[in-house]
Asker: 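Structure below; questions to follow.
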Amino acid sequence: MGSADLTCRLLGLEMKNPIVLASGIIGTSSSLFLRAAQVGVGAVTAKSCSLQPRAGHPNPVALDWGAGVINAIGLTNPGAEEEVHLLAEGRRILEPYGVPLIASIFAGTVEEFGQVAALIAQARPHLLEVNISCPNVADEFGTPFAAVCESAAAVTESVRRAVGKDLPIAVKLAPNVYNIGRIAAAVVEAGADAITAINTMPGMVIDAHARRPVLHNRTGGLSGMAIKPIALRCVAEIAHAVKVPIIGTGGVNTGEDAAEMILAGATAVGVGTAVWYRGVEALGTIAQELGAFMQAEGIRSLDEMRGQAIR
Amino acid sequence: MGSADLTCRLLGLEMKNPIVLASGIIGTSSSLFLRAAQVGVGAVTAKSCSLQPRAGHPNPVALDWGAGVINAIGLTNPGAEEEVHLLAEGRRILEPYGVPLIASIFAGTVEEFGQVAALIAQARPHLLEVNISCPNVADEFGTPFAAVCESAAAVTESVRRAVGKDLPIAVKLAPNVYNIGRIAAAVVEAGADAITAINTMPGMVIDAHARRPVLHNRTGGLSGMAIKPIALRCVAEIAHAVKVPIIGTGGVNTGEDAAEMILAGATAVGVGTAVWYRGVEALGTIAQELGAFMQAEGIRSLDEMRGQAIR
Amino acid sequence: MSTMMQPTYLHRPFTLVSSKMDNYRTRSLTFAEKLDCQPGQYVMAWLPGVGEKPFSIAGDDPLQLMVVDVGPVSHSLHSVAEGQRVWIRGPLGQGYRLVGQRVLLAAGGYGVAPLYYLARKALAAGMSAEVCMGARSAEDVLWAERFQALGVPVRVMTEDGSMGERGLVTKATEAAIAAARPDSLCACGPLGMLEALDRQCEQLGVARQLSWEAHMRCGMGLCGSCELPAPQGEDGSLHRHSCQQPGWLACLDGPVSWKE
Amino acid sequence: MSTMMQPTYLHRPFTLVSSKMDNYRTRSLTFAEKLDCQPGQYVMAWLPGVGEKPFSIAGDDPLQLMVVDVGPVSHSLHSVAEGQRVWIRGPLGQGYRLVGQRVLLAAGGYGVAPLYYLARKALAAGMSAEVCMGARSAEDVLWAERFQALGVPVRVMTEDGSMGERGLVTKATEAAIAAARPDSLCACGPLGMLEALDRQCEQLGVARQLSWEAHMRCGMGLCGSCELPAPQGEDGSLHRHSCQQPGWLACLDGPVSWKE
Ligand SMILES: Cc1cc2nc3c(=O)[nH]c(=O)nc-3n(C[C@H](O)[C@H](O)[C@H](O)COP(=O)(O)OP(=O)(O)OC[C@H]3O[C@@H](n4cnc5c(N)ncnc54)[C@H](O)[C@@H]3O)c2cc1C
Ligand SMILES: Cc1cc2nc3c(=O)[nH]c(=O)nc-3n(C[C@H](O)[C@H](O)[C@H](O)COP(=O)(O)OP(=O)(O)OC[C@H]3O[C@@H](n4cnc5c(N)ncnc54)[C@H](O)[C@@H]3O)c2cc1C
Ligand SMILES: Cc1cc2nc3c(=O)[nH]c(=O)nc-3n(C[C@H](O)[C@H](O)[C@H](O)COP(=O)(O)O)c2cc1C
Ligand SMILES: Cc1cc2nc3c(=O)[nH]c(=O)nc-3n(C[C@H](O)[C@H](O)[C@H](O)COP(=O)(O)O)c2cc1C
Ligand code: FES
Ligand code: FES
């Protein structure tokens, strides 16, 4: 009996399996990219970077609250210029493993998104992920770019103009909206080649004894198990709304979770918080478990499964 | 040492403790109201009702997915006319226990909200909760009323006009928005006396072996533990945005959870899914645990705690 | 590294290894897997694309169910082929308690299923058991031979007298109670039968554990749909089952009720 | 009814019952509660409104920490009064393994804390232990008397010779290894000391377990901030610690590394 085929084609990228290290999880150095590759990940996303370096928030920045993790790391990054070197080095190191490198960027204004994108494009990542969950500093309410079709589209256009046609773009959407399908349609219309969904869900963990929020930043982003059903629903809505590939992300801890994501319509599967639950090895183990699941269920390829639960 | 004072004043309602049975959980008959009162709940909310009777969705309608519950009961209810009798009987039965009765309504159009409210007002509930998480059937996209400031306000005004000044109104908000504080401000501006937050978070549970969503309705609402940090963050945002009392609801399972909700700014605390985790008795146990927690922490009254975590 | 939670209340696929006709409209389904549960608890059986309904547990190791073909879900369960899967959520609800030395069982219809499972557990715990069965006619009597094979005495009542004695199951239980007082009577069957047994036990002062069937949707004590309608007395007035609290939920508090 | 999950990684308030000065800038904090953990693991200690930092576990029953006053969080921990609370998240990370019969401990600064806890566990497991301590000066030597009270031989090295022998801790470990070969060397201290011990053990063929200090933020293997910088060789070129993989995370994979 031949084993299940895990190879995954995401736009131009050839991946040996659909598991993608999600942005912001150990994506801060080329040695960490290497480690992810060595344990068998399909592709690696770097931590999101901005024009200027950012130190991030003071501790506590993250904790396990029982059904998942909450974090407010504060988008710590060395700034775009330094990141270009990190990414170039990362690409070189990942090359022999056949593991594509996805860069991730964010900014506070539409124009700045273009600037950061133009800089990062110099490192020639295989895909550029645009993290639009950050607040729009130019909007009077600080409305996140990911919340409104128009601003999500404006950022996408700005990035597309900055990087030209050669670099594919994935736009990363946030779950705290009522119309993620329409937002996906707007960014695809504006030039996105793929969608990553979802980013963390905004939340707050309070310590009753301390009578205050635990995170220094008070609010943070929820990830892990608790958000898996939110992510699956978002991926399903997006898959109904657009035809582009989706990197389905949120709460994937096991191979079966990854299968659910693909059944909901995802082409590739982002994995982040599972590193806490199962160690860095999770990035390879989940792919193996997915293969074993497909084998046991008589599913030969990812294409056979994709979107099957939402037809 | 005197024990902590759990009495709670919510608008005109005098409650012996802040625990409110959330809408849609065992709020379907006067004997179930009675049972909630007998185990020591502070107030009872009836299941949401609509103009016409609704059978709801076929099974599976609910399940425990590990970090919480997902449900798509489908707003089963006997219709407003029948509900008036149920509520009147419920009020009579709850009277001796000093447990206020909160009615809950929903509709598909702004006008219909007014119609249902006018009917239900006949039963003279102590408070009328307006569940606006349902889709706006008059809007071309079926955008939920709870998603947009304007439609949330329009529903509130319609209900206010229908019931006049005597019946206080709480508007129940949904978590899948990026601006719950602004939505709260809009409904308060339009005449809401209180806010209930949150309703369930839309999600989807997929069975990988069956290769389909488990709920017959495919998507459903997440409740229980997984949504507690979402609810706390929403309550905190609302407490920052408006001055009216909040019935903080979502994932409260223990007295400490209830304390967290009050620390985030809630006046009363809705409890739903805990009935599954801990039985109907949870409605009383949580209040007792809250009292014990306050006692141990030297907190004398709910007022002392309210909003302390977000100052 | 944190440990991951094991969701035990999600549906799990169970593989059917045997599907046997018990009578003209009833099948026993036996699965490859076992379930950790108690007699009197139930499971939700889901056939993706068809529906989900509650079924009493007829055996735990391996899982066994008895299904009467009366509508869409039960009919589809009858046509599941051996080797195919059924999705099981549970165990749910509160089962029978093993109390005292002697248990009297009273079964109607598929009510034999949980009671057979209970009989096996009771015997294993060193208790003695006896069963009374009620049915319309001989062809409706289920699993009498399986109880006999356990060494459990069986009294059969049929409405047409085609098997055992003619009459209702209460006649058999009355005789059984008179012959040897049980520490509790455990019953499962249609509403009318349970109400009659309830009254009988109240009169004779016998503790009883009755498994009530209700319209179950969530199975989790949330939706309120499984609250039993208050029964009507002979004079048409509403009264409560002697063994129930107001707002008793069959899915969460039951299906088995307990009254000393 | 389902069982509820018990979140074990949330902060829990621990009540300080004793805060004792160990030297001019170091305190031992003892709490009322115990913690289920292993020697070499650490906790995150949070003072609401101040901050959260990682601390090695100096004892589990009751929980004990040793805190050097060097900055905002450690300073505030010094001023927590007995009866007040400190919020603890953990235990986190991978600790020391108890292997073989003889363990050699090498401590620098607050590194004595986890090693004292380890020594107690090693003795309880029937192993023998010896400790080498390095410090600038006599006043910096910590807990030597506590090790002695356990019956663990202590070799002290000070940079100024004010106590024990003059020199670095590696001199003591070299002598100890020569005198009696340990099954493993367990160390905790500043980066330079660990690197030197690592080289020494490599040369002498001794298995070692080294606890590395890194800039920890999440403590969960997510943020990447605790990756150790690759050490520079004497020729200025970068090389790896012999005991580490690329991308080794002190918070999740460590703080204790293991090399045969
Ligand atoms: C706690 C509990 C345990 C149960 N255990 C079992 C079990 O072990 N075996 C089993 O076969 N069923 C059992 N049931 C009943 C089962 O859940 C379904 O109601 C039944 O299978 C019918 O479902 P359906 O979708 O096939 O048909 P439906 O469309 O739901 O029902 C079809 C018609 O049959 C009627 N009907 C329902 N049940 C019966 C019945 N038992 N006899 C005659 N008419 C009926 C209905 O009222 C309806 O008119 C149990 C129910 C409960 C609440
Ligand atoms: C796994 C691990 C275990 C640890 N165990 C302990 C422990 O048991 N006891 C303990 O006191 N600390 C321990 N630390 C260090 C501790 O986490 C903090 O870094 C330290 O308390 C300083 O925090 P702060 O907020 O007070 O000051 P910061 O503002 O973080 O530091 C103030 C200044 O002191 C320097 N500094 C930090 N630590 C030290 C030090 N130990 N000696 C001299 N200068 C220092 C910093 O580089 C900075 O310049 C451990 C760290 C790790 C990673
Ligand atoms: C600690 C942490 C840091 C993160 N940083 C980023 C980031 O920099 N950019 C980004 O787009 N997403 C970031 N995310 C979100 C993840 O990429 C992912 O979308 C989310 O965590 C859901 O997936 P998971 O449940 O597998 O973790 C971060 C998540 C975590 C937990
Ligand atoms: C089974 C179920 C049915 C519900 N039905 C309603 C409803 O009819 N109207 C409503 O406003 N909210 C309804 N809700 C939402 C709850 O009132 C509550 O807002 C939500 O479940 C979060 O609280 P919890 O985590 O304590 O359950 C329902 C929730 C559940 C689980
Ligand atoms: S079936 Fe929903 S409460 Fe019992
Ligand atoms: S402290 Fe965040 S990865 Fe180690």
Asker: Let's test your reading of the structure: which of B:Val235, B:Asp257, B:Ile299 forms the most heavy-atom pairs below 4.5 Å with chain A?
Answerer: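 Top count of heavy-atom pairs under 4.5 Å with chain A: B:Ile299.
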Asker: Could you check which of A:Ile262, A:Val205, A:Ile180, A:Leu222 has the highest count of heavy-atom pairs closer than 4.5 Å to chain B?
Answerer: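 Most heavy-atom pairs under 4.5 Å with chain B: A:Leu222.
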Asker: Look up atom OG1 in B:Thr143 and atom CG in A:Asn179, then write down how far apart they are to the nearest 0.5 Å.
Answerer: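 The distance works out to 7.0 Å.
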Asker: Sub-3.5 Å donor-acceptor pair from the side chain of B:Arg212 to the main-chain atoms of A:Ile310, do we have one?
Answerer: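 The answer is no, because no donor-acceptor pair under 3.5 Å joins these two groups.
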Asker: For chain B, find which of A:Ala208, A:Ala226, A:Ala147 contributes the most heavy-atom pairs closer than 4.5 angstrom.
Answerer: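 Between A:Ala208, A:Ala226, A:Ala147, the count favours A:Ala208.
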Asker: Heavy-atom count around A:Glu304 CD within 6.0 Å, excluding the residue itself: above 12?
Answerer: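 Counting neighbours around CD of A:Glu304, more than 12 heavy atoms of other residues, nucleotides or ligands fall under 6.0 Å, so yes.
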Asker: If you round to the nearest 0.5 Å, how far is CD1 of A:Ile206 from CG of B:Leu232?
Answerer: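 That separation rounds to 4.5 Å.
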Asker: If you count heavy-atom pairs within less than 4.5 Å of chain B, which of A:Glu237, A:Arg311, A:Arg218, A:His209 leads?
Answerer: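 Heavy-atom pair counts peak at A:His209.
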Asker: Identify the heavy atoms of A:Pro213 and B:Ala309 that sit nearest to each other, and give their distance.
Answerer: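 That would be CD-O, 3.0 Å.
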Asker: Quick check on B:Val148 against chain A: is it the side chain, the backbone, both or neither that has a heavy atom closer than 4.5 Å?
Answerer: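 Contact with chain A: side chain only.
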Asker: Taking side chain as everything from C-beta outward and backbone as N, CA, C, O, which of these in B:Ala236 sits under 4.5 Å from a heavy atom of chain A? Side chain, backbone, both or neither.
Answerer: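 Interface part for B:Ala236: side chain.
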Asker: So which of A:Met204, A:Glu256, A:Glu260, A:Glu297 has the largest heavy-atom pair count under 4.5 angstrom toward chain B?
Answerer: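 The answer is A:Met204.
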Asker: Can any side-chain N or O of B:Arg211 pair as donor or acceptor with the backbone N or O of A:Gln308 at less than 3.5 Å?
Answerer: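 Between the backbone of A:Gln308 and the side chain of B:Arg211 there is no qualifying donor-acceptor contact (under 3.5 Å).
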Asker: Got a second to check how far A:Arg233's CZ is from B:Met201's CE, nearest 0.5 Å?
Answerer: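 Between atom CZ of A:Arg233 and atom CE of B:Met201 there are 5.0 Å.
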Asker: Among A:Gly220, A:Pro202, A:Pro144, A:Ala146, which residue has the highest count of heavy-atom pairs closer than 4.5 Å to chain B?
Answerer: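 Highest number of pairs under 4.5 Å: A:Pro202.
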Asker: Among A:Leu263, A:Asp207, A:Ile70, A:Ile227, single out the residue with the greatest number of heavy-atom pairs under 4.5 Å to chain B.
Answerer: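 Most heavy-atom pairs within the cutoff with chain B belong to A:Leu263.
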Asker: Side chain, backbone, both or neither: which part of B:Arg182 has a non-hydrogen atom closer than 4.5 Å to chain A?
Answerer: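 The answer is the side chain of B:Arg182.
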Asker: Roughly how far, to the nearest 0.5 Å, is the CH2 atom of B:Trp65 from the NZ atom of A:Lys228?
Answerer: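 One finds 8.0 Å between NZ of A:Lys228 and CH2 of B:Trp65.
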Asker: How long is the straight-line distance from OH of B:Tyr178 back to CZ of A:Phe145, given to the nearest 0.5 Å?
Answerer: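 A:Phe145 atom CZ to B:Tyr178 atom OH measures 13.0 Å (nearest 0.5 Å).
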Asker: How long is the straight-line distance from OG1 of B:Thr219 back to CD1 of A:Ile230, given to the nearest 0.5 Å?
Answerer: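 Those atoms lie 13.0 Å apart.
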